[in-house]
Colleague: 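Just passing along the structure, written as structure tokens.
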Amino acid sequence: MKFNLKVWRQKNANTAGKLVDYTIDQINEDMSFLEMVDVLNDNLVRKGEDPIAFDHDCREGICGMCSMYISGRAHGPQHGATTCQLYMRKFKDGDTIYVEPWRARAFPIVKDLVVDRGAFDRIIAAGGFVSANTGQAQDANNLPVNKDDAEKAMDAAACIGCGACVAACKNASAMLFVSAKVSHLALLPQGEPERNRRALAMVAQMDAEGFGNCTNTGACEAECPKEIKLVNIARLNREYANAAFASETQI
Amino acid sequence: MTGSTKNTNYLLGSSIGRKFLMGLTGLFLVTFLLVHCFINAMVFFDGTGALFNEYAHFMGTNIIIRIMEIGLFAGLLAHIIDGLWLWKLNKDARPENYAYSQPNANSKWYSRSMGLLGTLLLIFLILHLVHFWVPSRITGLAESAVPGVHDLYAEMFTVFANPIIVAIYVLAQFSLGFHLLHGFQSAFQSLGLNHTKYNALIKTVGIGYSILIPFIFALMPIVIYLRH
Ligand code: HEM
Ligand code: SF4
Ligand code: FES
């Protein structure tokens with residue numbers, strides 16, 4: 001297969017970037033999008049040019065590193081998939097494909113397609129954990145959790161922190177990510193002691209990082225590779241209301 | 001962690017708090033529109049306008065309603081200021097836009113255009129207040145056949161003699177309809193009321209409201225224009 005690529009090239013955070021045209025040929029339809037970029041980079045290196053910088057790690061849809069805004073969509077046109085799980089057969093031969101980095105004030109560009117998602121780490125550090133020492137793995141039924149809650153917590157825990165929700169949202173809001181992390185722990189007994197503090201602290205950090213305000217457009221849910229649902233955002237809103245207006249917790 | 005008071009401005013000082021305010025004021029306006037629509041619908045049932053004038057007289061003179069009117073202006077103002085503020089904050093959250101984007105693949109255009117639809121509504125509201133609220137409450141209107149009762153219907157009759165004004169009123173209802181098509185269910189989501197038991201109801205009532213209320217409002221200027 002043959003493609004015309006328009007890739008965002010930017011030296012570093014302080015210089016302006018621009019879209020650069022590349023053409024690439026002899027791409028196998030079963031290559032992943034990242035493998036296609038590997039081939040392109042190989043060509044560039046052979047020509048003595050600077051290869052395109054992009055993030056990746058696991059290449060199996062679990063690490064959340066491979067952030068790319070492809071053909072106007074976060075992680076491209078494949079529903080429920082990261083860039084590493086997007087295959088070239090999803091495109092038509094001869095397609096023109098735009099490749100841009102995540103765009104958000106809170107995700108500054110490091111180089112080309114690489115952005116700094118440290119803001120997510122700082123949100124987690126603000127409260128996305130349980131500080132009680134849990135010791136060794138317990139006997140499975142020691143701590144009874146109702147099946148329904150366990151399922152919901154597990155679904156929320158599937159979030160890989162990829163940032164596609166922020167990238168797709170017109171407001172660059174991180175609500176889906178934060179709501180997944182808050183929901184995951186709020187639904188389980190282990191999360192109970194720090195429940196109020198967590199909701200307040202993580203939301204405060206999210207705001208401080210400069211993410212936008214959620215307006216419920218649903219773009220995040222539609223683009224999330226792990227299919228995290230909007231109900232989590234409603235749950236976060238409830239958790240926040242309870243912590244802010246009903247509990248005595250202050251941060 | 002304990003005892004210290006870093007940020008206690010949970011309403012206006014946080015993104016979620018600002019959305020609570022947005023949802024609360026939005027639903028408050030939704031309630032107001034229902035009453036407003038019901039009262040104005042009296043013009044359909046009485047071609048002389050006497051029935052409408054009677055209801056309008058009650059709304060204009062009843063002390064409880066007059067106090068609520070202050071609340072209404074405050075709520076509307078809070079909604080507008082908070083809305084425009086959110087719009088600005090959200091624009092700032094993405095300083096550089098995508099060169100190529102396909103937002104229709106993941107969301108509805110009207111859900112992304114609440115600020116624009118709201119601004120159109122605001123422009124319409126100013127015009128609307130100048131047409132009816134200002135003469136009724138400030139500059140004064142002529143008496144109707146019933147002594148002591150304003151002839152607000154006559155004012156309507158005059159305003160809607162102009163087909164351009166009629167067209168503006170009808171078009172404004174489209175802004176309202178789309179604003180509510182997203183806003184109605186969005187307000188419940190903002191308030192954390194997204195629940196498997198009630199979602200279908202919220203959705204259905206929201207769609208019904210967003211179509212029916214603007215439709216009835218749009219019918220009023222048309223019907224009155226046709227009575228000339
Ligand atoms: C009678 C008039 C109006 C009604 C019934 C109404 C209703 C609503 C409702 C129910 C919401 C959803 C709240 C939420 O998502 O939590 C909303 C949001 C909003 N409204 Fe209004 N509104 C009206 C007028 C206006 C006006 C005049 C503006 C002017 C600028 C405006 C701007 C906005 C904005 C920016 C949002 C937030 C967008 C979002 O959250 O997606 N609205 N409105
Ligand atoms: S909620 Fe979904 S899109 Fe957002 S960071 Fe988590 S996995 Fe990625
Ligand atoms: S490289 Fe790990 S999710 Fe794509």
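Labels below follow one simple rule: chain letters A, B, ... track the order of the sequence lines, proteins then strands, and each chain is numbered from 1.
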Colleague: Of all the residues in residues 96-115 of chain A, which have a heavy atom that comes within less than 4.5 Å of a heavy atom in chain B?
Modeller: A:Tyr98, A:Glu100, A:Pro101, A:Trp102, A:Arg103, A:Ala104, A:Arg105
Colleague: Taking it one step at a time, do B:Arg18 and A:Asn213 satisfy side-chain hydrogen bond (donor to acceptor under 3.5 Å, both in side chains)?
Modeller: CA-CA 8 Å; B:Arg18 288 188 285 269; A:Asn213 303 248; 3.2 Å; yes
Colleague: At a heavy-atom separation under 4.5 Å, does A:Tyr69 approach chain B through its side chain, its backbone, both, or neither?
Modeller: side chain
Colleague: Rounded to the nearest 0.5 Å, how far apart are NZ of A:Lys170 and NZ of B:Lys91?
Modeller: 11.0 Å
Colleague: I'd like to check the side-chain contact (heavy atoms from CB on, under 4.5 Å) partners of B:Leu77; sequence neighbours left out, ordered by chain and number.
Modeller: B:Ile81
Colleague: Apply side-chain contact (heavy atoms from CB on, under 4.5 Å) to B:Phe73 and list each qualifying residue two or more places apart in sequence or on a separate chain.
Modeller: B:Glu69, B:Leu129, B:Trp133
Colleague: Need one label for A:Val231: side chain, backbone, both or neither, based on atoms under 4.5 Å from any heavy atom in chain B.
Modeller: both
Colleague: Measuring heavy-atom distances to chain B, does A:Leu230 have an atom under 4.5 Å in its side chain, in its backbone, in both, or in neither?
Modeller: both
Colleague: Please report the interatomic distance CG(B:Asn90) to SG(A:Cys214), rounded to the nearest 0.5 Å.
Modeller: 9.0 Å
Colleague: Given heavy-atom pairs under 4.5 angstrom as the criterion, report whether the side chain, backbone, both or neither of A:Ile233 touches chain B.
Modeller: both
Colleague: Which answer fits A:Ala74, side chain, backbone, both or neither, if we ask what part of it has an atom under 4.5 Å from a heavy atom of chain B?
Modeller: neither
Colleague: Could you tell me if the side chain of A:Leu200 sits less than 4.5 Å from the side chain of B:Tyr10, heavy atoms only?
Modeller: yes
Colleague: Looking at A:Thr215, A:Thr217, A:Asn216, which one forms a side chain to side chain donor-acceptor pair (under 3.5 Å) with B:Ser186?
Modeller: A:Asn216
Colleague: For the residue pair B:Ser15 and A:Met206, establish whether any side-chain heavy-atom pair is separated by less than 4.5 Å.
Modeller: yes
Colleague: Got a list of side-chain donor-acceptor pairs under 3.5 Å for residues 75-83 of chain A, not counting sequence neighbours?
Modeller:
| residue | atom | partner | partner atom | Å |
| --- | --- | --- | --- | --- |
| A:His79 | ND1 | A:Ala222 | O | 3.4 |
| A:His79 | NE2 | A:Glu227 | OE2 | 2.9 |
| A:Thr83 | OG1 | A:Cys66 | O | 2.8 |

Colleague: Heavy-atom distances under 4.5 Å only: say whether A:Cys169 touches chain B with side chain, backbone, both or neither.
Modeller: backbone
Colleague: Can you tell if the side chain of B:Leu191 reaches within under 4.5 Å of the side chain of A:Asn237, non-hydrogen atoms only?
Modeller: no
Colleague: Just by modelled atom types, is the A:Gly218 backbone N or O under 3.5 Å from a matching donor or acceptor in the B:Asn106 side chain?
Modeller: no
Colleague: So which part of B:Asp92 gets closer than 4.5 Å to some heavy atom of chain A, the side chain, the backbone, both or neither?
Modeller: both
